[in-house]
Amino acid sequence: MSGPLMNVEDLRVAYRAGRRKVEAVKGVSFEVGRGKCLGVVGESGSGKSSLARAVLGLEAEVSGRVEFDGQDVLSLKRAGRLAFRRRAQMVFQDPIGSLNPRMKAGAALAEVLRVHGLAKTRAEAAAQAAHWLETVGMDAAYAGRFPHELSGGQRQRVNLARALCVGAEFLVADEPVSALDVSVQAQILNLLKSLQENRGITWMLIGHDLAVMRHMADDVIVMKAGEVVERGPAADVLSRPAHPYTRELLASAPNVARALERRSRRGTV
Ligand SMILES: Nc1ncnc2c1ncn2[C@@H]1O[C@H](COP(=O)(O)OP(=O)(O)OP(=O)(O)O)[C@@H](O)[C@H]1O
Ligand SMILES: [Mg+2]
């Protein structure tokens, strides 16, 4: 199938608090081309996470249209939704909160492999788990470690392996490195970029750091109060922003970008 992998039209997300209705996303449209990275930037509360959950079908009060590979996500039935959940997954900000503390890394991967019927025996599951750990840059020996025996960066790698091992093609990464040490942030971002380049993974990166976004994203959308105020190729929007709000956001760019530059020159992830 050709065309963009993700196509979103007039998406609206609302929350109810008693009688009050908060409109977090107010009619947002965009597409994400196959093998591309769409950056989503905007100040706190602008609706980025609401948008992220909605495109994965994880928000209750949603209207508009979300199409993934030509399929209407918001009206998927049970079987279709399960298949979609394998192909499109969230990468969370807090890598430890998304892992079971009592499960070793290898067992966590083996479990999802078996739940999805992708490994028939324990040995097969273990072999595949080892393969996916290596794919995300970890020695297979880490399969024997519990989450608390891993660093934050390693835990985020395990989360990525768990998404990839069941066939994720589309990742929505909501501030995937903001809980990590600055020195580790560039490593995880470079890993995500290499998954895009080497495995054709399509992804959305949500973040505050516009200097990082310029490195990672192909296109960006800039959100303010639930709406997109500016969009276009990341290199253009983030170098020559047309909107004063984007210029304001640009004024506060930390230094992870420099570490990214150094690492990509050395070719390490
Ligand atoms: N579960 C919820 N119930 C009620 N209101 C919510 C809920 N989640 C988000 N909101 C509101 O929706 C708006 C958008 O929030 P959202 O979390 O999507 O923003 P964000 O851009 O991800 O912010 P941040 O950068 O701080 O993560 C905010 O006004 C927020 O208070
Ligand atoms: Mg958020």
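Whatever order the structure lists ligands and atoms in, that order sets their numbers, starting from 1. Index from 1, following the sequence.
Residue S50 approaches ligand 1 through these ligand atoms, each under 4.0 Å from one of its heavy atoms: 14 (C), 15 (O), 16 (P), 18 (O). Taking every non-hydrogen atom of S49 and a distance limit under 4.0 Å, the qualifying atoms of ligand 1 come out as 17 (O), 18 (O), 20 (P), 22 (O), 27 (O). Counting the atoms of ligand 1 from 1 in the order shown, those under 4.0 Å from a heavy atom of H208 are 25 (O). Residue contact check: S46 has heavy atoms under 4.0 Å from atoms 19 (O), 21 (O) of ligand 1. Taking every non-hydrogen atom of G45 and a distance limit under 4.0 Å, the qualifying atoms of ligand 1 come out as 13 (C), 14 (C), 19 (O), 20 (P), 21 (O), 23 (O), 24 (P), 26 (O), 28 (C).
Residues M204 and F170 meet the side-chain proximity criterion, which asks for heavy atoms closer than 4.5 Å. For the pair E197/K193, a side-chain contact is recorded, criterion being any heavy-atom separation below 4.5 Å from C-beta on. Counting heavy atoms from C-beta outward, L205 and W203 have side chains that approach closer than 4.5 Å. Within the 4.5 Å cutoff, the side chain of R86 has no heavy atoms near those of the E169 side chain. Contact check for V55 versus V8: side-chain heavy atoms found under the 4.5 Å cut-off.
In this structure, atom 30 (C) of ligand 1 is not in close contact with the protein, since no protein heavy atom lies within 4.0 Å of it. Less than 4.0 angstrom separates atom 21 (O) of ligand 1 from at least one non-hydrogen atom of the protein.
Residues passing the salt bridge (Lys or Arg N to Asp or Glu O under 4.0 Å) test with E230, sequence neighbours excluded: none.
Residue, atom and distance of the protein heavy atom nearest to atom 26 (O) of ligand 1 are S44 OG, 2.5 Å. For atom 6 (C) of ligand 1, the nearest protein heavy atom (residue, atom name, distance) is Y15 CD1, 3.3 Å.
Between F68 and the options T202, V32, L5, a side-chain contact (heavy atoms from CB on, under 4.5 Å) holds for only L5. The only member of V41, I206, L51 that meets side-chain contact (heavy atoms from CB on, under 4.5 Å) when paired with M223 is L51.
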Using the rule given for salt bridge (charged side-chain N to carboxylate O under 4.0 Å, His left out), can you reason through R87 versus D69, listing the C-alpha separation, both sets of side-chain angles and the distance that settles it, and then say yes or no?
CA-CA 10 Å; R87 298 180 67 189; D69 204 10; 2.7 Å; yes

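Interatomic distance, CD of Q89 versus CG of L164, reported as 8.0 Å (0.5 Å rounding).
Counting only protein atoms, the N, O or S atoms lying less than 2.8 Å from the Mg ion (ligand 2) are S49 OG, ordered by chain and residue number.
Among the atoms of A24, none of the N or O lies under 3.5 angstrom from an N or O of ligand 1. At a 3.5 angstrom cut-off on N or O pairs, G42 does not count as close to ligand 1.
At a heavy-atom distance under 4.0 Å, only backbone atoms of E43 (N, CA, C or O) approach ligand 1.
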